[in-house]
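Notes follow the structure.
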Amino acid sequence: EATAKAFRSQHAISVRGTCPAPAGSFQQARSCLGDDLVKGMEEQGYSAPTPIQAQAWPIAVRGHDLVAVAKTGSGKTCGYLLPALALIAKRGPTQSLQHKKGLDQRPPAQPSCLIMAPTRELVQQIGKEAKKFAGIVGARVLGIFGGVPKGPQVSALRAGIDMLVATPGRLRDFMTGDQSKAPVVLVDSVTFLVLDEADRMLDMGFEPEIRQIIAQCPAAGSAQETLSGEARQTLFFTATWPPDVQRSALHFTHHALRVEVGQSSG
Ligand code: ADP
Ligand code: MG
């Protein structure tokens, strides 16, 4: 506990709630993420977890909800991607890799991990980051976003995925389907939900779509339930912390632990 306090104070980490000790080194992170994913981080040439990663990893792998406030460039993406992949590795893929049916007759995609982000560029960036590590655990990752034809994204979804990175608008389109078409994504198996750049998503007016999507996800649960894969945990990442973002964080998470790195406005 003394070491946890010293690490937090050294890295300007403040926490709300009873948080597990940060994983200040890759060695310490092995017990949360497993040896292989940590090795993947080391192979990127990184020498240690960033402060937000150090504190977010042990929280996320224990099944807790998390509100993380840290400035741009602080390594938030790997802060949620690595625990998501560790959980996929532990629970296994949500649907069979080998479908005998033709692509058109396949059931909708049912990812266990869903990451929402505000723009196409961010979705592509997160997808690229995820693919650096996904192979380590055999996770199938896909990014979907608007402004491009749906066909290729539909085919990719039908092939089966574990982790979906999406803008809220395109995801909602795929969940509702068109008049003649059935949904191509169901979020009823999502046990790990991330709202990345949540402050920007609110600014851009995505709150209604996010609400509609979350309403179709499994209910929020206790950490024990989420660890057993029966309920959903939610991780809310933001660079800024003004009152409207605080309200939204409270609305979208359930008994969340809060971690802030550096100075905040709230
Ligand atoms: P944020 O989402 O907080 O703005 P990113 O996740 O985009 O930050 O990370 C910023 C940069 O830091 C990226 O280039 C990323 O690859 C790099 N990075 C991530 N984790 C580490 C680490 N542990 N050590 C050094 N660099 C890292
Ligand atoms: Mg980011």
Side-chain angles (χ1 to χ4, degrees), residues 7-8 10-15 21-61 66-86 113-136 141 143 145 163-168 192-204 206 210 234-242 245 248-249 252 258-266:
F7 182 87
R8 287 181 190 131
Q10 190 185 342
H11 296 278
I13 301 170
S14 62
V15 297
S25 67
F26 284 140
Q27 185 56 37
Q28 286 173 285
R30 284 171 193 271
S31 63
C32 344
L33 300 177
D35 293 345
D36 295 344
L37 285 170
V38 171
K39 209 166 108 198
M41 283 295 282
E42 288 170 333
E43 281 167 2
Q44 297 300 307
Y46 305 152
S47 52
T50 66
I52 193 65
Q53 292 165 3
Q55 187 61 82
W57 288 344
I59 292 173
V61 298
L66 170 67
V67 174
V69 188
K71 69 178 190 330
T72 301
S74 57
K76 294 192 289 298
T77 319
C78 286
Y80 60 78
L81 282 180
L82 277 289
L85 292 169
C113 172
L114 171 62
I115 298 155
M116 283 190 261
T119 66
R120 166 188 179 157
E121 288 68 29
L122 273 161
V123 165
Q124 289 175 318
Q125 208 176 301
I126 295 161
K128 199 172 152 196
E129 194 84 352
K131 281 171 188 162
K132 291 178 186 169
F133 307 100
I136 297 170
V141 177
F145 39 79
M163 175 184 283
L164 180 63
V165 189
T167 53
F192 195 96
L193 172 70
V194 180
L195 303 179
D196 194 12
E197 304 235 4
D199 50 354
R200 282 184 68 198
M201 288 203 283
L202 294 178
D203 274 351
M204 291 171 68
F206 280 129
I210 295 171
T234 303
L235 294 88
F236 184 106
F237 282 78
T238 178
T240 65
W241 193 233
V245 176
S248 151
F252 287 126
R258 193 168 94 212
V259 176
E260 288 186 55
V261 177
Q263 296 228 297
S264 85
S265 50

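Note: hydrogens, waters and symmetry copies are ignored here, and every other heavy atom, side chains too, is used. Indexing begins at 1, ligand by ligand and atom by atom, following the structure's order.
The two residues Pro49 and Ala54 come nearest to each other via the heavy atoms CB-N, 3.9 Å. Shortest non-hydrogen contact noted between Val61 and Pro83 is CG1-CB, 3.9 Å. Taking each heavy atom of Gln55 and Pro58 in turn, the nearest pair found is O-CD, 3.6 Å.
Protein residues having at least one heavy atom under 4.0 Å from any atom of ligand 1 are Met41, Tyr46, Ala48, Pro49, Thr50, Gln53, Lys71, Thr72, Gly73, Ser74, Gly75, Lys76, Thr77, Glu129, listed by chain and number.
In this structure, the side chain of Lys76 does not engage the main chain of Asp196 through any donor-acceptor pair within 3.5 Å.
A salt bridge links Glu129 with Lys132: the distance from a Lys NZ or Arg NE/NH1/NH2 to an Asp or Glu carboxylate oxygen falls below 4.0 Å.
Annotation: side chain of Leu81 is in contact with side chain of Met163 (closest heavy-atom distance under 4.5 Å).
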